[in-house]
J.: 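I have a structure here, written as structure tokens, and I will follow up with some questions on it.
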Amino acid sequence: MANSKKVLLTGGAGYIGSHTAVQLIQQGFELILVDDLSRSELRIIEGVEKITNQRVSFHQGDCSNSAFLDSVFETNQIDSVIHFAAYKSVNESVQQPLLYYQNNVGSMTTLLKAMEKFHVNEIIFSSSCTVYGEPDRIPVNESAPFKKAESPYGATKQMCERILEDCIQANKELRSVSLRYFNPVGAHPSAQIGELPIGTPSNLVPYVTQTAAGIRQKLTVFGNDYNTPDGSCMRDFIHVVDLAKAHVMALQKVEALENRGEVFNLGTGIGVTVLDLVKRFVKTTGIPLNYEVGPRRAGDVEKIYADPAKAANILGWRTQLSLEDSLLHAWQWEKQIRGIK
Ligand code: NAD
Ligand code: WQD
């Protein structure tokens, strides 16, 4: 049975990895979590254990270290891998491109080599809508061409997808699914796990919740002169629990997919503007938010949202949670980590 698989989650202590771990454990999968904790903390693993009431098998280490990965494969009979481990800050990748190429591409090639050595032939990969750049048409579907990546981070996602395509060609046993996430937001409804941004958040929702918590003085909305209903940028904000559930479905279906190398958009299919999100945060939580409109942020795409039909048709996956759920859960998580009643 598909749910009896033993699954390795690289970056399993991270934001999306930990939410996926919860869903997989609740569906009866056996998990091995690997993370170097460079961008997360042990308390996230503890949160997964609290939610699921189960001990988690966790190995701390770097996925671009082949000796470490080999030891994990050697001591565990792994059937499938979900590869979350990567750095994800667009800004940081512009400042430190080599760090991003080395970590994101290096961990992918090291992992694929270890998988080959230990005859593990299923991989689900965390890709991103960033591979599309500013799409010519929205909603964007999976056949839209890649544009020149706006950042080294985006380039690493394009490269990793290409690496997978090449390995699928070379190894007829290998199966891969690249999941292109749109904008993951929210937290687990238990408020035991959520996003842990490092320093000042660059992503919108953590900035909103930190402003509401009084940690930031005010939110700056980057631009109100875009070609959108209220002039602010438009995105597809998807609840992280819905996103996590797609990984379960991908794992259950991967063996049966017609294409050995598949790609799915994971988004709601609904475009929401930044100003609309701010209004809905205030309405949902009842917390006033200090914000101002500022200049555009360099490199921002004007509007993008997913056509999620392929994931619905092939994986049977649909989002179930609303933006209001996302904003409420993000706020509950922020309150929990700050000790706010
Ligand atoms: P995250 O930073 O919370 O999680 C990534 C985890 O990987 C962290 O816990 C970090 O410590 C770990 N890690 C990084 N490099 C590692 C290495 N070499 N070895 C072992 N562990 C390592 O990020 P996330 O939001 O959970 O993102 C997960 C994946 O999804 C990433 O690949 C990211 O690029 C991708 N993604 C994220 C978003 C988003 O907005 N959150 C959107 C699209 C795609
Ligand atoms: C969303 C909107 C900002 C902060 C990034 C990556 C993408 C993917 C998801 C990983 C934009 C506006 C933001 C603020 C604002 N990650 N904003 N004030 O840029 O859509 O996507 O995360 O793969 O690759 O590029 O997400 O949350 O940074 O911004 O007005 O303080 O909110 O301008 O329009 P983005 P974001």
Side-chain angles (χ1 to χ4, degrees), residues 9-20 33-42 44-45 59-65 68-69 82-91 93 99-100 102-104 106-108 110-111 125-133 149-151 153-154 156-157 160 178-185 193-198 200-208 210-211 216 218-224 226 228 232-238 240 243-244 247 266-267 272-275 277-278 291-305:
L9 268 59
T10 73
Y15 174 45
I16 303 168
S18 59
H19 286 82
T20 303
L33 268 59
V34 158
D35 202 297
D36 63 2
L37 299 182
S38 56
R39 304 289 158 114
S40 188
E41 295 173 18
L42 264 186
I44 297 293
I45 304 275
H59 301 260
Q60 186 173 350
D62 179 351
C63 292
S64 45
N65 175 337
F68 165 69
L69 269 193
I82 310 186
H83 184 41
F84 297 102
Y87 295 151
K88 65 167 176 180
S89 161
V90 171
N91 281 344
S93 80
L99 180 72
Y100 273 67
Q102 195 161 26
N103 192 50
N104 294 7
S107 65
M108 176 60 112
T110 309
L111 173 66
F125 169 61
S126 297
S127 189
S128 167
C129 67
T130 198
V131 298
Y132 297 119
E150 293 270 4
S151 69
Y153 168 74
T156 69
K157 292 295 169 192
C160 286
S178 292
L179 299 175
R180 294 178 182 158
Y181 312 153
F182 279 65
N183 288 57
V185 290
I193 54 172
E195 199 169 1
L196 284 178
I198 295 170
T200 307
S202 55
N203 290 122
L204 178 63
V205 171
Y207 207 104
V208 165
Q210 288 196 8
T211 307
R216 310 279 153 210
K218 67 173 158 243
L219 169 80
T220 302
V221 172
F222 298 135
N224 66 351
Y226 288 100
T228 59
S232 62
C233 288
M234 184 178 273
R235 294 288 182 275
D236 186 335
F237 300 98
I238 173 168
V240 65
L243 195 71
H247 295 73
L266 296 182
V272 173
T273 65
V274 173
L275 283 167
L277 181 142
V278 168
Y291 76 91
E292 65 176 10
V293 173
R296 289 180 175 199
R297 181 172 73 176
D300 268 340
V301 164
E302 181 171 85
K303 49 186 171 216
I304 184 165
Y305 54 92

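Just so it is clear, the structure is predicted and the values come from calculations on it, not from any experiment. In listed order, ligands and their atoms are each counted from 1. Heads up: numbering here begins at 1 and tracks the sequence.
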J.: Classify the side-chain pair Ser89/Tyr153 by whether it contains a donor and acceptor separated by less than 3.5 Å.
T.: no

J.: Using the test salt bridge (charged side-chain N to carboxylate O under 4.0 Å, His left out), find all partners of Lys88 that sit at least two apart in sequence or belong to another chain.
T.: Glu195

J.: Assess Gly61 for proximity to ligand 1: is some non-hydrogen atom of it under 4.0 Å away?
T.: yes

J.: Just verifying a value: how many Å separate Tyr181 OH and Ile238 CD1, rounded to the nearest 0.5 Å?
T.: 10.0 Å

J.: Looking at Ser40, which atoms of ligand 1 are within less than 4.0 Å of one of its heavy atoms?
T.: 9 (O), 11 (O)

J.: Nearest 0.5 Å, please: how far is OG in Ser18 from CD1 in Ile44?
T.: 5.5 Å

J.: Report the member of Tyr153, Phe84, Phe68 with the shortest heavy-atom distance to atom 31 (C) of ligand 1.
T.: Phe84

J.: With no hydrogens and no angle check, is any side-chain donor or acceptor of Thr273 less than 3.5 Å from a backbone partner on Met234?
T.: no

J.: I need the contact residues for ligand 2: any residue with a non-hydrogen atom closer than 4.0 Å to the ligand, ordered by chain then number.
T.: Val90, Ser128, Thr130, Tyr153, Asn183, Ser202, Asn203, Leu204, Tyr207, Leu219, Thr220, Val221, Phe222, Cys233, Arg235, Val274, Arg297, Asp300

J.: So if I count the atoms of ligand 1 from 1 in the order they appear, which ones are less than 4.0 Å from some heavy atom of Asp62?
T.: 17 (C), 18 (N), 19 (N)

J.: Is Phe68 atom CZ crowded by more than 12 heavy atoms from other residues, nucleotides or ligands, each under 6.0 Å away?
T.: yes

J.: Counting heavy atoms only, which part of Leu37 comes closer than 4.0 Å to ligand 1: side chain, backbone, both or neither?
T.: backbone

J.: Please report the closest heavy-atom contact between Gly154 and Thr130, naming both atoms and the distance.
T.: CA-CG2, 3.7 Å

J.: Any idea which heavy atoms bring Val90 and Ser93 closest together, and the distance?
T.: O-OG, 2.7 Å

J.: Could you work out, with side-chain hydrogen bond (donor to acceptor under 3.5 Å, both in side chains) as the rule, every residue matching Asp236, not counting sequence neighbours?
T.: Thr268

J.: With heavy-atom distances below 4.0 Å as the criterion, list the atoms of ligand 1 near Arg39.
T.: 2 (O), 8 (C), 10 (C), 11 (O)

J.: If hydrogens are left out, which of Ala86, Gly106, Cys160, Ser107 has an atom nearest to atom 5 (C) of ligand 1, that is, the closest non-hydrogen atom?
T.: Ala86

J.: Of the protein's non-hydrogen atoms, which lies at the shortest distance from atom 15 (N) of ligand 1, and what is that distance?
T.: Asn103 ND2, 3.0 Å

J.: For atom 4 (O) of ligand 1, grab the closest protein heavy atom and report residue, atom and distance to one decimal in Å.
T.: Gly14 CA, 3.3 Å

J.: Compare every heavy atom of Ser232 with every heavy atom of Leu275, then report the nearest pair and how far apart it is.
T.: N-OG, 3.1 Å

J.: Which of these, Ser64, Pro184, Ala13, has its nearest heavy atom closest to atom 39 (C) of ligand 1?
T.: Pro184

J.: If we ignore hydrogens and angles and just use 3.5 Å, is the side chain of Ser40 paired with the main-chain N or O of Ala13 as donor and acceptor?
T.: yes

J.: What protein heavy atom sits nearest atom 24 (P) of ligand 1, and how far off is it?
T.: Lys88 NZ, 3.8 Å

J.: Please list the nearest protein heavy atom to atom 37 (C) of ligand 1 with its residue and the distance rounded to 0.1 Å.
T.: Ile16 CD1, 3.8 Å

J.: What's the shortest distance from atom 7 (O) of ligand 1 to any protein heavy atom, and which residue and atom give it?
T.: Gly11 CA, 3.4 Å

J.: Taking Asn104 for the side chain and Lys157 for the main chain, is one N or O donor matched with an acceptor at less than 3.5 Å?
T.: no

J.: Heavy atom under 4.0 Å from ligand 1: found in Cys129's side chain, backbone, both, or neither?
T.: neither

J.: Taking only residues two or more places apart in sequence or in another chain, which ones pass salt bridge (charged side-chain N to carboxylate O under 4.0 Å, His left out) with Arg39?
T.: Glu92

J.: Out of Val131, Leu243, Asp36, whose heavy atom sits nearest atom 20 (C) of ligand 1?
T.: Asp36

J.: Looking at side-chain heavy atoms only, is the closest gap between Phe84 and Asp35 below 4.5 Å?
T.: no

J.: Has Ser18 got any heavy atom lying under 4.0 angstrom from an atom of ligand 1?
T.: no

J.: Should Asp35 be listed as contacting ligand 1, given a heavy-atom distance under 4.0 Å as the test?
T.: yes

J.: How far apart are the closest heavy atoms of Pro206 and Pro197, and which atoms are they?
T.: CB-CG, 3.7 Å

J.: Are any of the heavy atoms in Lys157 under 4.0 Å away from ligand 1?
T.: yes

J.: Check ligand 1 against Cys63 and write out every atom of the ligand that is under 4.0 Å from a heavy-atom position of the residue.
T.: 17 (C), 18 (N), 19 (N), 20 (C)

J.: Which atoms of ligand 1 are found less than 4.0 Å from any heavy atom of Ser127?
T.: 43 (C), 44 (C)

J.: Answer yes or no: does atom CD of Gln60 have more than 12 heavy-atom neighbours from other residues, nucleotides or ligands under 6.0 Å?
T.: yes

J.: Tell me which protein heavy atom sits closest to atom 3 (O) of ligand 1, plus the residue, atom name and distance to 0.1 Å.
T.: Tyr15 N, 2.8 Å

